[in-house]
Engineer: 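The structure follows.
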Amino acid sequence: MAKKIKFQHPTGMHDILPHEQRHFRRIYQLVEDVADFYSFGRIDTPILENAELFNKGTGTQTDIVQKEMYLLKSKGGDVLALRPEGTPPVARAYIEHGMSSRPQPVKLYYYGPFFRHEKPQAGRYRQFWQFGFEVLGEENPVIDAQIIQISYNLLSEIGVKNISVEINSIGDKECRPLYRKALVKHLRSNSSCLCNNCKRRMKDNPLRVLDCKEEKCQEVKQEAPQMVDFLCSGCKTHFKKVLEYLDEIELPYTLEPHLVRGLDYYTKTVFEFFSNKDEESSLALGGGGRYDYLINQLGGKETPAVGTAFGVERLAQAIRKDNLPSTKKKRTKIFLAQLGESARKKSLRMTESLRKAKVSIEESLGKDSLKAQLARASRIGARYTIIIGQKEALEETAIIKDMESGKQETVKMDKVIDRVKKLLKE
Ligand code: HAM
């Protein structure tokens, strides 16, 4: 006999079941509200992109590209990647659709699934949901501050507690090489105290050593030179301005001199958001920064840009932990019951009319027994039940039953919606 196969979700991926949806829905609605208010236009890019987009954009030296991309070869021989993040696809779309000729800045947001082949653990998935806001075509530091402000306010509206913002500047192509040199010098003279990964990073991507979580590397990290001391005058002024704007709006932040972020395209401002940062397992809820070279690097004109992105599972987890008060689905007040085949057909039509009239109902179209249907109506706490029996179907009428008093009235089929609406208002 053939062996029975038991299917499970792929490792690191997960189902979001109906009872878990309320947090996700809440986050989605707030993101849409914020996007509307600040005039961000929604963009949906394909789940698959040419892998080269991330090699060039995210960076060949990053963990995302080196270890975490899901790659596949199309029948035509193209190497495609399941998108691990949203910024390079947005930059690609900006170039491809000639958005540089529109009034600048162009403000875009996205919300969808992303994929990284990471080691699964709490808050780290191989398929996760992310939303992001990107402002393309504006270099003024006020936009960096505004992106941080939008992110912060969104998190508090979502219900995240104890939010902290860490911020740093990682300079630009003028000043970063000098810092890199000083950092490598420091790392070289302490290389015996670094983990094996960092020994490799020291050569390929030394800034990433500052991101290492290994206990062994912490001391070397702490004593490392700080980027702020190497900023050129342009980057220094930019950073100072961002901080001034944040002070102006009294947004609390912490300067984190070794914050570098794990993606290669950043310049100047970088930031990350946490909740309850003091807890050991605390993962970033979101992060972002400025990426003034990315669009040019991908073949577009020189275009300054800044953005942010958040992991929806991590946000849902943060508000679940804080026991966000439930925003329960509104109780359905009307139940639609039917008896017999012709009544079932009428009910099918009636359901659609009720939906169009925005009267929310529950029904059990597949059930035959009226008794069972009425029992269900009581169980869900329906205020009224619309009953269509064989006689009613024939006479184009329906019975409206008051579930509290038990009183019934017969109404012409085309008057049912008006009558029900009136009853609900009483
Ligand atoms: P990121 O820091 O790689 O930045 O990801 C942003 C957020 O996505 C993280 O803070 C985290 O909440 C969530 N996230 C990332 N990986 C996972 C995972 N494996 N499981 C669950 N959640 C995850 C970016 O992606 C940049 N594109 C952000 C940006 C936008 N920079 C400029 N504009």
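These values consider heavy atoms only, across backbone and side chains, with no hydrogens, waters or symmetry-generated copies. When a ligand or atom number is given, it counts from 1 through the structure's own listing order.
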Engineer: Between Tyr70 and His117, how do the two ring planes meet: parallel, tilted or perpendicular, split at 30° and 60°?
Structural biologist: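 Rings of Tyr70 and His117: perpendicular, as their planes differ by over 60°.
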
Engineer: If hydrogens are left out, which of Glu118, Gln130, Glu134 has an atom nearest to atom 6 (C) of ligand 1, that is, the closest non-hydrogen atom?
Structural biologist: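 It is Gln130 that holds the nearest heavy atom.
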
Engineer: Which atoms of ligand 1 sit under 4.0 Å from any heavy atom of Arg124?
Structural biologist: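 Ligand 1 atoms under the 4.0 Å threshold to Arg124: 19 (N), 20 (N).
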
Engineer: Would you tell me whether Gln317 and Arg320 have side-chain atoms, one donor and one acceptor, within less than 3.5 Å of each other?
Structural biologist: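 There is such a pair (donor and acceptor under 3.5 Å, judged by atom type) between the side chains of Gln317 and Arg320.
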
Engineer: What is the closest protein heavy atom to atom 14 (N) of ligand 1, and at what distance does it sit?
Structural biologist: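 Scanning the protein heavy atoms, the shortest distance from atom 14 (N) of ligand 1 goes to Phe128 CE1, 3.5 Å.
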
Engineer: For Tyr291, which part has a heavy atom under 4.0 Å from ligand 1: side chain, backbone, both, or neither?
Structural biologist: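 Answer for Tyr291: side chain.
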
Engineer: Can you classify the ring geometry of Phe133 versus Phe40 as parallel (below 30°), tilted (30 to 60°) or perpendicular (above 60°)?
Structural biologist: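 If you compare the ring of Phe133 with that of Phe40, the planes turn out perpendicular.
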
Engineer: Can you check which of Gln317, Glu313, Glu85 brings a heavy atom nearest to atom 27 (N) of ligand 1?
Structural biologist: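 Answer by nearest heavy atom: Glu85.
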
Engineer: Using 30° and 60° as the class boundaries, would you call the ring planes of Phe273 and Phe310 parallel, tilted or perpendicular?
Structural biologist: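 Phe273 vs Phe310 ring planes: tilted.
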
Engineer: Do the numbers put Lys173 on top of the ring of Tyr293, so that NZ or CZ is under 6.0 Å from the six-membered ring centre and no more than 45° off the axis?
Structural biologist: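 So Lys173 does make the cation-pi contact.
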
Engineer: Identify which of Arg116, Arg83, Glu68, Arg261 has a heavy atom lying nearest to atom 15 (C) of ligand 1.
Structural biologist: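 Selected option, by shortest heavy-atom distance: Arg116.
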
Engineer: Counting heavy atoms only, name the option from Gly286, Gly123, Gly86, Ala284 that's nearest to atom 21 (C) of ligand 1.
Structural biologist: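 Nearest option to atom 21 (C) of ligand 1, by heavy atoms: Gly123.
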
Engineer: Enumerate, atom names and distances included, each donor-acceptor pair closer than 3.5 Å involving a side-chain atom of residues 198-208, sequence neighbours excluded.
Structural biologist:
| from | atom 1 | to | atom 2 | distance (Å) |
| --- | --- | --- | --- | --- |
| Arg200 | NH2 | Asn197 | OD1 | 2.9 |
| Arg208 | NH1 | Asp211 | OD2 | 2.3 |
| Arg208 | NH2 | Asp63 | OD2 | 3.2 |

Engineer: Out of all atoms in ligand 1, which are within 4.0 Å of some heavy atom of Tyr266? Include the element for each.
Structural biologist: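 That gives atoms 26 (C), 28 (C), 29 (C), 31 (N), 32 (C) of ligand 1.
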
Engineer: Please list all pairs passing the ring pair (Phe, Tyr, Trp, His ring centres under 6.0 Å) test where one or both residues lie in residues 73-107, with sequence neighbours left out.
Structural biologist: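 Pairs touching residues 73-107 that pass the test: none.
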
Engineer: Pair Tyr265, Thr87 - check side chain to side chain donor-acceptor pair (under 3.5 Å), show working.
Structural biologist: CA-CA 10 Å; Tyr265 46 67; Thr87 309; 3.3 Å; yes

Engineer: Closer than 4.0 Å to some heavy atom of Tyr265 - which atoms of ligand 1 meet that?
Structural biologist: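 Numbered from 1, ligand 1 contributes 26 (C), 27 (N), 31 (N).
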
Engineer: Just by modelled atom types, is the Pro257 backbone N or O under 3.5 Å from a matching donor or acceptor in the Asn168 side chain?
Structural biologist: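 Yes: the side chain of Asn168 pairs with the backbone of Pro257.
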
Engineer: By number and element, which atoms of ligand 1 are closer than 4.0 Å to a non-hydrogen atom of Gly287?
Structural biologist: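 With Gly287 as reference, the close atoms of ligand 1 come out as 28 (C), 29 (C).
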
Engineer: Can you pull out the closest protein heavy atom to atom 11 (C) of ligand 1? Residue, atom name and distance to 0.1 Å, please.
Structural biologist: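 So the nearest neighbour among protein heavy atoms is Arg314 NH1, 3.4 Å.
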
Engineer: Applying a heavy-atom cut-off of 4.0 Å, say which part of Val306 lies close to ligand 1: side chain, backbone, both or neither.
Structural biologist: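 Val306 to ligand 1: no contact under 4.0 Å from either part.
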
Engineer: What is the nearest protein non-hydrogen atom to atom 12 (O) of ligand 1, stated with its residue, atom name and distance?
Structural biologist: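 Atom 12 (O) of ligand 1 sits closest to the protein heavy atom Leu285 O, 2.8 Å.
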
Engineer: Answer yes if the side chains of Tyr245 and Gln149 hold a donor-acceptor pair under 3.5 Å, and no otherwise.
Structural biologist: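 No, because no side-chain N or O of Tyr245 sits under 3.5 Å from a partner of the opposite role on Gln149.
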
Engineer: Atom 13 (C) of ligand 1: which protein heavy atom is closest, and how many Å away?
Structural biologist: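 Answer for atom 13 (C) of ligand 1: Gly311 CA, 3.5 Å.
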
Engineer: Which residue and non-hydrogen atom of the protein lie closest to atom 20 (N) of ligand 1, and at what distance in Å?
Structural biologist: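 Going by distance alone, atom 20 (N) of ligand 1 is nearest to Tyr125 N, 2.9 Å.
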
Engineer: Quick one: which ligand 1 atoms are inside 4.0 Å of a heavy atom on Gly307?
Structural biologist: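 Contacts of ligand 1 toward Gly307, numbered from 1: 30 (C), 31 (N), 32 (C), 33 (N).
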
